[in-house]
Chemist: 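Please see the structure below; I have some questions.
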Amino acid sequence: MDNKEKIILKPSQNSICGNNYNLLNIKLLNSCNGKCEFCIAAGTPFKKSTNAQKFIDTANSMTKFSRVDVLGGEPTLYPNLVEVLKGIRPYKKEIGIISNGSNLKILKECIPYLDTVTLSIHSFNYDKNSTGIHIDEKELKDLNKNKGNAEIISASVITDKTVSNLEEIKSYAIKAKKLGFSAIKLMELVTSNENVNFIDLQDLLIKFGIHQKNATLRGCFFELPELSKYLEIKTYIKLCCPFNNVFKAKNFGIPNNIEYQHDYMNVIQPDCSVTDSWVYDSFDNKILNGDDFNVNYLKK
């Protein structure tokens with residue numbers, strides 16, 4: 001990594017991070033009762049969780065961030081989750097939580113303080129779900145029935161072991177709608193492993209208008225209206241940034257000696273230390289800072 005060029009991409013200018021701009025992640029704990037091998041938190045340093053009030057004070061002091069995602073690990077395993085949500089609610093415009101759905105009764109208690117609930121249910125065939133969690137569908141229907149103004153999203157990382165083609169996506173959408181979800185989210189696999197069978201959503205869903213030619217001028221998280229209409233449920237797309245996906249990097253001709261960091265996100269770690277991304281806590285060589293909207297990585 002030491003011999004790699006480090007760049008910063010400013011999403012406020014080039015939208016590379018889409019709607020994720022100005023996002024604060026509160027990582028309550030490392031522990032998780034799931035087993036997703038592609039979890040974003042896998043491999044992050046273990047830190048002992050602090051008390052609820054410290055999370056509240058730290059989050060509320062960070063006035064730059066109006067949007068918050070609460071996660072872990074599995075956030076519902078944190079014993080004072082509701083207290084944290086209640087404490088930050090008056091100070092934040094939008095609060096979401098990301099969970100594997102193993103503790104739906106606890107999530108019901110959280111609903112009054114949330115704008116979005118994203119459940120990682122990678123397949124409704126629970127043998128293929130990848131989290132190792134079997135969802136209580138009766139509880140899930142009840143959660144969706146009593147969601148109030150919160151948007152409840154069923155999210156799937158698209159792989160050949162979960163949901164891998166348009167017909168399977170359609171079946172996934174039908175099931176999500178039947179269970180009462182507000183929306184589904186289809187996500188590309190973040191990977192640097194060239195031995196996996198990577199599924200490119202831009203190629204899979206090209207007829208729905210998803211394709212982007214420029215890697216830095218279209219957001220990576222958005223609703224795809226044409227697909228929402230086809231599936232009859234609101235459908236979000238989460239693309240891998242081509243700067244941290246080996247397959248996308250090759251498609252866009254991005255040099256393999258580049259490491260990048262966005263300047264759009266801070267993470268409150270379990271011990272309430274704050275880092276400016278999931279991976280790095282400092283980033284000194286800020287190339288492309290200021291005029292980076294002219295960066296032009298075109299798909300080959």
Side-chain angles (χ1 to χ4, degrees), residues 20 22-122 129-136 139 143 150 152-153 155 157 190 261-262 264-283:
N20 281 341
N22 185 30
L23 178 66
L24 175 64
N25 279 340
I26 302 178
K27 181 177 169 63
L28 294 175
L29 73 177
N30 289 88
S31 301
C32 185
N33 53 354
K35 60 175 186 178
C36 295
E37 60 183 6
F38 42 71
C39 177
I40 188 175
T44 55
F46 181 85
K47 297 179 182 292
K48 186 177 179 180
S49 294
T50 190
N51 62 74
Q53 191 58 50
K54 194 166 183 181
F55 279 118
I56 294 168
D57 292 341
T58 304
N60 290 345
S61 70
M62 300 173 70
T63 56
K64 171 185 175 181
F65 296 94
S66 60
R67 298 182 62 242
V68 175
D69 271 349
V70 178
L71 63 172
E74 171 50 44
T76 59
L77 298 178
Y78 183 73
N80 299 308
L81 171 59
V82 175
E83 182 182 348
V84 172
L85 295 175
K86 187 176 181 179
I88 66 175
R89 179 70 274 183
Y91 301 92
K92 301 299 179 183
K93 182 178 179 180
E94 184 177 333
I95 302 175
I97 194 168
I98 301 174
S99 169
N100 60 28
S102 58
N103 296 310
L104 295 175
K105 290 182 179 179
I106 294 175
L107 285 176
K108 287 181 194 177
E109 299 176 31
C110 299
I111 286 292
Y113 311 106
L114 293 169
D115 298 286
T116 60
V117 176
T118 302
L119 298 182
S120 299
I121 307 177
H122 304 294
N129 185 26
S130 296
T131 63
I133 304 297
H134 190 286
I135 305 296
D136 185 329
E139 289 284 346
L143 175 71
I152 315 292
I153 304 167
V157 174
V190 176
Q261 181 189 21
H262 299 307
Y264 73 105
M265 182 179 74
N266 277 27
V267 181
I268 299 176
Q269 301 291 344
D271 62 354
C272 272
S273 60
V274 178
T275 57
D276 56 5
S277 77
W278 274 89
V279 180
Y280 305 104
D281 57 10
S282 66
F283 220 77

Chemist: Could you pull out the closest heavy-atom pair between Cys32 and Gly73, with the gap in Å?
Modeler: CB-CA, 4.0 Å
Chemist: Look up atom CG in Leu28 and atom SG in Cys272, then write down how far apart they are to the nearest 0.5 Å.
Modeler: 9.0 Å
Chemist: Sub-3.5 Å donor-acceptor pair from the side chain of Tyr78 to the main-chain atoms of Ala52, do we have one?
Modeler: yes
Chemist: What heavy-atom pair brings Val68 and Ile26 nearest, and what distance separates the two atoms?
Modeler: CG1-CD1, 3.6 Å
Chemist: In Å, rounded to the nearest 0.5 Å, how long is the span from NZ of Lys86 to CD of Glu109?
Modeler: 12.0 Å
Chemist: On a heavy-atom basis, which atom in Val157 and which in His122 lie closest, and how many Å separate them?
Modeler: N-ND1, 3.0 Å
Chemist: Between Lys27 and Gly72 (side chain of the first, backbone of the second, donor and acceptor by atom type, cut-off under 3.5 Å), is there such a pair?
Modeler: yes
Chemist: Leu77 and Ser31: which non-hydrogen atoms are nearest, and at how many Å?
Modeler: CD1-O, 4.0 Å
Chemist: Is the shortest side-chain heavy-atom distance between Val70 and Val84 below 4.5 Å?
Modeler: no
Chemist: State, with a plain yes or no, whether a side-chain heavy atom of Met62 is found less than 4.5 Å away from one of Val274.
Modeler: yes
Chemist: To the nearest 0.5 Å, tell me how far Asp69 CG sits from Ile98 CD1.
Modeler: 4.5 Å
Chemist: For the residue pair Leu29 and Glu74, what are the closest heavy atoms and their distance?
Modeler: CD2-O, 3.3 Å
Chemist: Got a second to check how far Ile106's CD1 is from Leu143's CG, nearest 0.5 Å?
Modeler: 12.5 Å
Chemist: Verify, without hydrogens or angle tests, whether Ser61 (side chain) and Thr58 (backbone) share a donor-acceptor contact under 3.5 angstrom.
Modeler: yes
Chemist: First locate atom CG of Leu24, then atom OG1 of Thr63, and finally report the distance between them rounded to the nearest 0.5 Å.
Modeler: 11.0 Å
Chemist: Grab the two heavy atoms, one from Asp271 and one from Thr50, that are nearest each other, plus how far apart they are.
Modeler: C-CG2, 4.2 Å
Chemist: One pair to check against side chain to side chain donor-acceptor pair (under 3.5 Å): Asn33 and Asn100. What are the steps and the verdict?
Modeler: CA-CA 9 Å; Asn33 53 354; Asn100 60 28; 2.9 Å; yes
Chemist: So, using side-chain hydrogen bond (donor to acceptor under 3.5 Å, both in side chains) as the criterion, who are the partners of Ser49 when residues are at least two apart?
Modeler: none
Chemist: Give a yes or no on whether the backbone of Ala59 and the side-chain of Lys92 come within a donor-acceptor separation of less than 3.5 Å.
Modeler: yes
Chemist: Looking only at atom types and distance, does a side-chain atom of Asn129 sit under 3.5 Å from a main-chain N or O of His134, one as donor and one as acceptor?
Modeler: no
Chemist: So, Ser66 versus Glu94: side-chain donor-acceptor pair below 3.5 Å or not?
Modeler: no
Chemist: If only atom types and distance count, is the side chain of Asn60 paired as donor or acceptor with the main-chain N or O of Pro90 below 3.5 Å?
Modeler: no
Chemist: For residues 111-120, please give each side-chain donor-acceptor pair under 3.5 Å, one per line with the distance, not counting sequence neighbours.
Modeler:
unit_1 : atom_1 : unit_2 : atom_2 : d
Asp115 : OD2    : Arg89  : NH1    : 2.9
Asp115 : OD2    : Arg89  : NH2    : 3.2
Asp115 : OD2    : Ile95  : N      : 2.7

Chemist: Checking Glu139 now: which residues fulfil side chain to side chain contact (heavy atoms under 4.5 Å, CB included) with it, not counting sequence neighbours?
Modeler: Leu104, Lys105, Lys108, Asp136
